[in-house]
There are 2 protein chains.
Amino acid sequence: MWTTRLLILGLVRWLQPVHGYDVLKELTSWNAEDWAKIKPGSVYHGLKKLTTDGCLEVVSTEQVDKRPARTSYRVTAKGETEFQQVLREKLWGIEPVVDPFFVAWSFAPVLGPREAAAMLRNRAALITAQMRQNLAWLDVADSGDPTAGSFIPGHVQEAMRLATDAMRLTVDWCERVAVRAENGELGFDDERGYSEETIEHWRRHIRTLPDPATLRSSLRRGVDEGE
Amino acid sequence: MWTTRLLILGLVRWLQPVHGYDVLKELTSWNAEDWAKIKPGSVYHGLKKLTTDGCLEVVSTEQVDKRPARTSYRVTAKGETEFQQVLREKLWGIEPVVDPFFVAWSFAPVLGPREAAAMLRNRAALITAQMRQNLAWLDVADSGDPTAGSFIPGHVQEAMRLATDAMRLTVDWCERVAVRAENGELGFDDERGYSEETIEHWRRHIRTLPDPATLRSSLRRGVDEGE
DNA sequence: CAAGCGATAGTCAACGTTGAATAAAAAGTA
DNA sequence: TACTTTTTATTCAACGTTGACTATCGCTTG
């Protein structure tokens with residue numbers, strides 16, 4: 001994906017000279033593994049690919065003691081051009097967003113009206129919880145004393161605000177559609193309803209919300225003294 | 001991605017017995033290449049993988065004349081179990097949505113306040129146009145005479161409605177943030193503004209909206225007689 | 001009637017992604 | 001002090017994705 005490549009190129013450009021692990025740490029502090037689905041293995045591959053493509057160059061390969069060698073990179077002129085080019089191509093264009101939920105939702109009629117409604121209400125609850133975390137996060141970012149600065153750039157805060165509003169929308173949608181499902185207005189096959197126990201069974205197998213502590217740790221960097 | 005696998009499994013389950021090309025055609029009629037980012041190559045691979053995993057089985061391999069042989073599939077008991085299992089796992093759980101725009105947006109400060117504002121307004125315009133197409137689409141689905149039926153299932157219509165509302169939200173966000181960017185409230189570096197010409201240059205290189213005809217053809221199946 | 005084009009039906013090599021493995025130092029803990 | 005866990009730093013084989021390719025049939029169009 002271009003997202004992986006742009007993210008790496010942009011981070012090297014910003015932090016240069018850097019080695020892979022530092023890029024990785026920065027990405028982790030951005031929580032990018034979540035919202036950009038980028039994994040460690042891809043970062044190292046990306047750095048090597050960008051290098052063979054002439055967008056990055058190796059600054060040094062230092063070895064301290066017996067630890068693994070660290071290779072440092074910096075962007076070349078070609079890399080800078082590609083960065084500017086791709087950044088604008090992606091910002092000025094539009095691209096459909098894939099919400100994996102709606103892939104599964106295509107087959108929602110299989111659930112039948114009762115389970116579908118229960119599922120949607122469960123979803124509303126989960127998303128509401130996430131939304132609250134976002135709101136708390138934005139609260140901290142807002143009220144962080146402006147001198148020390150809350151290290152969360154304004155444009156990132158705005159992105160978070162949009163995400164939060166989108167969640168609110170989704171929650172309302174879930175509740176509205178749950179009602180429609182129950183009322184048989186979506187044409188779901190009534191025969192296939194599942195018992196309360198089945199639903200409880202599935203509910204138990206669901207991954208819970210990401211640990212609030214995880215989220216907070218990614219925040220720590222900016223608000224350490226805030227507690 | 002699990003989306004590819006579930007989509008294929010679900011479609012074979014629904015259309016069985018089917019061969020690859022028919023699954024492909026169905027996916028195309030769903031416009032799935034857009035909203036699920038699934039490509040032909042992946043479909044054939046997916047069918048083979050699901051077969052070696054014991055979720056599908058080959059019904060027949062018929063050869064008509066000298067045309068390429070068509071392999072037909074049907075789901076096994078194991079496949080049915082996996083379908084039910086995965087479907088619920090994904091519907092009852094939540095998973096972060098990746099909006100590639102926000103990957104690029106991370107580097108928005110590079111644009112400077114002027115280009116950022118112009119970019120956001122351009123984005124608002126593009127998304128507004130898409131939104132109008134969605135609204136027109138929903139209009140047709142709504143007013144399609146209920147006897148012949150508009151062949152667009154209620155739950156799909158609802159999904160489209162949410163997507164449309166999310167677009168409205170995004171458009172407002174773009175316009176609001178454009179103003180903030182211009183007012184220097186986002187801390188973008190002022191030095192890096194780009195001239196009108198540069199902006200015009202980039203604008204010219206941007207992919208335009210998907211051809212309305214494409215969208216309409218995916219609709220044809222349901223509303224052929226509507227024109 | 002030949003040429004061209006789209007639909008039919010699928011294969012495959014090249015590429016990107018990812019989980020797992022490696023391995024040593026530093027930090028925590030009993 | 002001895003033990004375990006975490007952090008540092010990266011490699012790699014296995015797997016999934018994708019664009020490009022093959023090849024035939026049927027339909028239109030000049």
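Below, read A as the first sequence line, B as the second, and so on, with proteins coming before strands; counting in each chain starts at 1.
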Exercise for review: Return no unless some side-chain N or O of B:Thr4 is found under 4.0 Å from OP1 or OP2 of D:dG16.
Suggested key: no
Revision key, fill the gap. From CE of A:Met1 across to C1' of D:dT18 the rounded distance in Å is 13 Å
Practice item. Could you state the atom-to-atom distance from CD1 of A:Ile38 to P of C:dG19 in whole Å? Key: 13 Å
Revision key, fill the gap. Contacts satisfying side-chain hydrogen bond (donor to acceptor under 3.5 Å, both in side chains) that involve residues 97-108 of chain B (not counting sequence neighbours) are none
**Study point:** Distance test, side-chain N/O of A:Thr71 to OP1/OP2 of D:dA9, below 4.0 Å
**Key:** no
Practice item. For A:His19 and D:dT10, give me the distance from atom NE2 to atom C1', rounded to whole Å. Key: 11 Å
Check your understanding: Between D:dT17 atom P and B:Ile8 atom CD1, what is the distance in whole Å?
Key -> 8 Å
Practice item. Classify the side-chain pair B:Gln85/B:Glu89 by whether it contains a donor and acceptor separated by less than 3.5 Å. Key: no
Revision key, fill the gap. From NZ of B:Lys37 across to C1' of C:dT17 the rounded distance in Å is 16 Å
Review point. Could you give the CG-to-P distance, from B:Leu27 to D:dT17, as a whole number of Å?
Key: 13 Å
Point to revise | Per B:Tyr21 side chain, nearest of listed nucleotides D:dT17, D:dA9, C:dT8 | key: C:dT8
Practice item. Could you tell me whether the side chains of B:Gln157 and B:Trp137 share a donor-acceptor contact shorter than 3.5 Å? Key: no
**Study point:** Distance test, side-chain N/O of B:Lys39 to OP1/OP2 of D:dT17, below 4.0 Å
**Key:** no
Practice item. Could you tell me whether B:Arg70 sits above the aromatic face of B:Tyr21, with NZ or CZ closer than 6.0 angstrom to the six-membered ring centre and within 45 degrees of the axis? Key: no
Review point. Hey, do the aromatic rings of A:Trp30 and B:Phe102 have their centres closer than 6.0 Å?
Key: no
**Study point:** Close approaches to DNA chain D from residues 41-50 of chain B, in residue order (heavy atom, under 4.0 Å)
**Key:** B:Gly41, B:Ser42, B:His45, B:Lys49
Exercise for review: Before accepting this row, confirm whether a basic side-chain N of the pair B:Lys49/B:Asp53 lies closer than 4.0 Å to the acidic partner's carboxylate O.
Suggested key: yes
Practice item. Locate the shortest heavy-atom distance separating A:Val58 from A:Thr61; write the atom from each residue and the value. Key: CG1-OG1, 4.0 Å
Exercise for review: Would you kindly give the CG-to-C1' distance between A:Leu7 and C:dT17, to the nearest whole Å?
Suggested key: 15 Å
Check your understanding: Just how far, in rounded Å, is P of C:dT8 from CG of B:Asp22?
Key -> 9 Å
